[in-house]
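Numbers restart at 1 for each chain; the letters A, B, ... are given by sequence-line order, proteins then strands. Since this is a predicted model, take the numbers as computed values, not measurements.
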Amino acid sequence: GNSVTQMEGPVTLSEEAFLTINCTYTATGYPSLFWYVQYPGEGLQLLLKATKADDKGSNKGFEATYRKETTSFHLEKGSVQVSDSAVYFCALRGTGGFKTIFGAGTRLFVKA
Amino acid sequence: NAGVTQTPKFQVLKTGQSMTLQCAQDMNHNSMYWYRQDPGMGLRLIYYSASEGTTDKGEVPNGYNVSRLNKREFSLRLESAAPSQTSVYFCASTGGDHNSPLHFGNGTRLTVT
């Protein structure tokens, strides 16, 4: 079945550092891939998505590229801010399927 | 635009009590979902409703029941709560195709003692 694996946290960075959170997936066909972000006390919200191979999703300075050859969708940001402290979830939704599968989440702490 | 609204925000139950978590969306979405979130385990799907009139089990359905009351509303019922059901519960909805992201409510934090 479909699955998502993302790097364990927590990840602690200083402000303006470079961020990478690794995500790999297992799926048949051509799933859509998503990154969601969860701030304390809130539900998840979409950060970015990519729907086909080589697509790059981007939002708020975050980027991720859909790499079918390595089945990966790593999240990157060039310069993190304290306000980026949150939990980040990688997820996929399979073609023709109704279910979204989530990774375990990676907590990010950014220090001033 | 309210999006996905869940009630209540917090609830404490004793073992064996029952309760219903309510969820409503105003985005005219066909599909609705109930997830639970536990530390270190991400989100696990309890039940989902692909369209009005249908419901299906997810990964962890035991101890829960659902009702898709109409297109807007999808409720989750715990008939006899157990401490293992202590969790944060999220309702979500989405449009029709697999490119569409989920829209989440703000969650219900449930404690069963």
*Can you see which heavy atom on B/T113 is nearest to which on B/V12, and at what distance?*
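Closest approach of B/T113 to B/V12: CG2-CG1, 4.3 Å.
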*If every non-hydrogen atom of A/D84 is compared with every non-hydrogen atom of A/Y88, which pair is closest and at what distance?*
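Answer, listing the atom of A/D84 first, then A/Y88: O-OH, 2.6 Å.
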Got a donor-acceptor contact below 3.5 angstrom from the [X] side chain to the [Y] backbone?
{"X": "A/Q6", "Y": "A/G105", "value": "yes"}
{"X": "B/S49", "Y": "B/S51", "value": "yes"}
{"X": "B/D26", "Y": "B/G3", "value": "yes"}
{"X": "B/Q25", "Y": "B/K71", "value": "yes"}
{"X": "B/Q6", "Y": "B/Y89", "value": "yes"}

*Pull out the residues in residues 53-80 of chain A that come under 4.5 Å of chain B, heavy atom to heavy atom, sorted by number.*
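Listed by number, there are no contacting residues, so the answer is none.
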*Take the angle between the ring planes of B/F104 and A/Y36 and call it parallel below 30°, perpendicular above 60°, tilted in between.*
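Because their plane-to-plane angle is over 60°, the rings of B/F104 and A/Y36 count as perpendicular.
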*Best-contacting candidate, B/A50, B/S31, B/P39, against chain A by heavy atom pairs under 4.5 angstrom*: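 Answer, by heavy-atom pair count under 4.5 Å with chain A: B/A50.
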*Among B/G105, B/G107, B/S100, which has the most heavy-atom pairs under 4.5 Å with chain A?*
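When all of B/G105, B/G107, B/S100 are compared, B/S100 has the most.
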Using non-hydrogen atoms only, which part of [X] is less than 4.5 Å away from chain B: side chain, backbone, both, or neither?
{"X": "A/E8", "answer": "neither"}
{"X": "A/Y30", "answer": "backbone"}
{"X": "A/F34", "answer": "side chain"}

*When heavy-atom pairs shorter than 4.5 Å are enumerated against chain B, which of A/L46, A/L44, A/L92, A/L33 gives the highest number?*
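With the most close heavy-atom pairs to chain B, the winner is A/L44.
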*Residue part contacting chain A, namely of B/L102, when any heavy atom lies under 4.5 Å*: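 It is both, since atoms from each part get that close.
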*Between B/Y47 and B/Y33, does the ring centroid distance fall short of 6.0 Å?*
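Ring centres of B/Y33 and B/Y47 not closer than 6.0 Å.
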